[in-house]
Amino acid sequence: MVKSTTKDAQDLFHSLRSAYVATPTNLKIIDLYVCFAVFTALIQVAYMALVGSFPFNSFLSGVLSCIGTAVLAVCLRIQVNKENKEFKDLAPERAFADFVLCNLVLHLVIINFLG
Amino acid sequence: MGGKSEPAKSESMATTTTSPDLINSSFFSFKSLKLKTKQQELLLRISILGLVYILAFIARLFSVLRYESMIHEFDPYFNYRTTLFLTEKGFYEFWNWFDSESWYPLGRIIGGTLYPGLMVTAALIYWALRFLRFFVHIREVCVLTAPFFASNTTLVAYFFGKEIWDTGAGLVAAVLIAICPGYISRSVAGSYDNEAVAIFALLLTFYLFVKAVNTGSLAWALASAFGYFYMVSAWGGYVFIINLVPLYVLVLLITGRYSMRLYIAYNCMYILGMLLAMQIRFVGFQHVQSGEHMGAMGVFLLMQVFYFLDWVKYQLNDTKLFQTFLRITVTSAIMVGGIALGLGTASGYISPWTGRFYSLLDPTYAKDHIPIIASVSEHQPTAWSSFMFDYHILLFLFPAGLYFCFKRLSDATIFIVMYGLTSLYFAGVMVRLILVATPAVCLISAIAVSATVKNLTSLLRTKQKVSQTGSTKGAGSSKASSKVTLDQSQPFQKNGAIALLVGVFYLLSRYAIHCTWVTSEAYSSPSIVLAARGAHGNRILFDDYREAYYWLRQNTPTDAKIMSWWDYGYQITAMGNRTVIVDNNTWNNTHIATVGRAMSSNEDEAYEIMRSLDVNYVLVVFGGVTGYSSDDINKFLWMVRIGGGVYPVIKEPEYLVNGEFRVDKGASPKMLNCLMYKLCYYRFGELTTEYGKPPGYDRARGVEIGNKDIKLEHLEEAYTTSNWIVRIYRVKPPTNRL
């Protein structure tokens, strides 16, 4: 049972890897950005676990800015991905403009909330 | 009255005008005809919306015309006072305001404990008007804010209806919500309360979110986040949005309607909306710490899991491998989520549902544990008569609309069905929440009306077309050009359709009559000025409240402290400009219980409590002379219950006789000697109130009072208004010790 599960996991991992190599470069860049944002959020949470969460609004604004940019980047990826049927008549420039606008609002609120 | 129902009919007639025979017969003028029709339709729509906008505004002006332009009720006086402060001192002072004039000696951090949306909106309108050199007083702006936003709500209802169904439903929705009594009750001119802008913000947020889900655009999701921010700044009822939207997303996920558009709409709105909402000090960190907001976070995490699974499924083309992966991921995600929630709730980090909202899920909770919530009359369960009063024909149009929504299920109709059902459930639990259900009921009923009228009129048009070509009813079904095929066995369909249409118009006109009558009779009273009919049918006004507050303002020292029951606190600070002990904010139950204890004790004990609170004046409301039934004697048992909830020395059964509340000779001795009784009935025993009854006859209770010979030792009467409704007493300083 365990052996088949590990074999399944290895198969999974290999097929995922081979499928991922085929994605276009611009999507890979966005994926890298998302991973970076989530990684930064995790570092902040670890730091909070070490030193405590005293200015809680600062902690929240830091973590939420990372999660927010990650989520917005994922939305951009969805809209820009040529294989998504629903968004095939959405210009990528429009998607990027929406992305920039939302990020602007996000960071303005973060700066206000940072304290 | 009938005018607004006609446009729905001619609107759908206009859309079916481009029928084949007209095109065939006037081929040369086809293009110009089509253009004209479209322009006609646009003109018709804009003029209907304009008329509805004006109608919504003027239907709410009854009290301004009958009495004067003043603020009604109790809570609006606090809002008015804070708006006045905002326009005088500016936003920074307002945001950091600590008020020492209420809740003496504790004070109240107003800047951090109010929802600023309403005040900022009114102040912005005021400053805009001043910029255009219209120098109006802020009170006029405050009085007319609610009707103005009600008009704006009708516009949002039109767009929402257009999004869910079509323009016809949008127009009918706008008309229905313009005069629906459920909404008018809390948005009449003078009712300067949070709900005035909150319902507009609620409907706007829902419309923008449904638009975002339908289009999948980030821009619309951002707009809905801003709509949510406006709602959070306006009213504590935003908790309804932050729970309904995740519930809706969950229902879509369960019914297999997960899509990328949903992902984009919900995530953008949740993150940005949560961040914006936390800028309001009163809300603070509740979005990550309170149990009421955890549903939204849970659904957010669930969406990430769904997206991830979708992506993995797309990458792998092997279903077997994917199934195992799916099983592992889903079980681990649920386990992790469950453990986190359990840990959070057990350790107390995630606070449980507050009493106000918990009593919606368990209606019996407040009565047993929190008497102050149970005592508010707006929090009582709704009777059927209230539903009929506030909704009229919409009550049976609502199930009809639900039927149409289920026939044509889409993301948008699922939303409106969920909104309608959940809000109706809550409206059944608490009378005040009929207001929240009103937009949903109006929209769904509009769908029913619009779809029915459209079917009937297209039936009429088809019949006319068949009779024009001169064929008998036998040829009607074979014509491929007709949009509606006729049933051969029903020869009187045209007559039936006309009869049904006449019936629909009759219903809608009765609805309009009912709404106008209800607005005029029931929902346009300012509560601070009472009216009655005299012996000859003339109208008599009782302006005692304002008389008393202005007496306080002009005849007491500026640092005087007034003790009264919490209902009148806001009005005393706003109009009397004096410090009060407790007011309508009811944030400190012990302080209110102390006042309740003072009112229920005998004069000596009450004097001790009043000295400890530095009270200079006591204000009571008494309806025995005029027959006014919302006075302090009728509220007295709540004072006893709330006082007894904190101080066990006050026991409710001691004030009752055989479980009955009496003020006549048979009343309990504790009742006859308590401070409230003495202050209300002081010198009342000498007054003859009604012809043929003995002196001291209490018209509100309908009995002759028990203790007529009242002597006050530590207080003296300072002022009684002309109809004895408000009575003010001065607390005497302690006698000199010799």
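Residue numbers start from 1 in every chain, and the chains themselves are labelled A, B, ... in the order their sequence lines are given, proteins ahead of strands.
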- Message: Apply side-chain contact (heavy atoms from CB on, under 4.5 Å) to residues B/M260 and A/N81 and explain how you reach the verdict.
- Response: CA-CA 11 Å; B/M260 299 295 194; A/N81 196 352; over 6 Å; no
Quick check for you: to the nearest 0.5 Å, what is the distance between [X] atom [atom1] and [Y] atom [atom2]?
X      : Y      : atom1 : atom2 : value
A/I110 : B/L275 : CD1   : CG    : 4.5 Å
A/I67  : B/Y270 : CD1   : OH    : 10.0 Å
A/N112 : B/M278 : CG    : CE    : 11.5 Å
A/L101 : B/L218 : CG    : CG    : 9.0 Å
A/F113 : B/L276 : CZ    : CG    : 10.5 Å

Are more than 12 heavy atoms, taken from residues, nucleotides or ligands other than [X], located less than 6.0 Å from that residue's [atom1] atom?
X      : atom1 : result
B/F308 : CZ    : no
A/F54  : CZ    : no
B/Y307 : OH    : yes
B/I109 : CD1   : no
A/F36  : CZ    : no

Tell me, side chain or backbone of [X] under 4.5 Å from chain B's heavy atoms, or both, or neither?
X     : result
A/I78 : side chain
A/F56 : both
A/N84 : side chain
A/S65 : neither

For [X] against [Y], the heavy-atom pair lying closest together:
X      : Y      : result
A/F87  : B/T215 : CE2-O, 4.4 Å
B/A219 : A/R94  : CB-NH2, 3.8 Å
B/Y263 : A/C75  : CE2-SG, 4.4 Å

- Item | Pairs satisfying salt bridge (charged side-chain N to carboxylate O under 4.0 Å, His left out), at least one member in residues 259-285 of chain B, at least two apart |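 Non-adjacent pairs meeting salt bridge (charged side-chain N to carboxylate O under 4.0 Å, His left out): A/E86-B/R261, B/R261-B/D411.
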- Item | For chain B, the option from A/V74, A/L90, A/L76 that forms the most heavy-atom pairs under 4.5 Å |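 Heavy-atom pair counts peak at A/V74.
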- Query: Can any side-chain N or O of B/Q304 pair as donor or acceptor with the backbone N or O of A/V71 at less than 3.5 Å?
  - Reply: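 No.
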- Message: For chain A, which candidate among B/L272, B/I264, B/I271 shows the most heavy-atom pairs at distances under 4.5 Å?
- Response: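 If we count pairs closer than 4.5 Å to chain A, B/I264 comes out on top.
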Quiz: residues 24-34 of chain A side-chain donor-acceptor pairs under 3.5 angstrom, not counting sequence neighbours:
| residue | atom | partner | partner atom | Å |
| --- | --- | --- | --- | --- |
| A/K28 | NZ | A/V21 | O | 3.3 |
| A/D31 | OD1 | A/R77 | NE | 2.6 |
| A/D31 | OD2 | A/Y20 | OH | 2.7 |
| A/D31 | OD2 | A/R77 | NE | 3.4 |
| A/D31 | OD2 | A/R77 | NH2 | 3.1 |

- Given a strict heavy-atom distance threshold of 4.5 Å, which part of B/F300 is in contact with chain A: side chain, backbone, both, or neither?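 Only the side chain of B/F300 comes within 4.5 Å of chain A.
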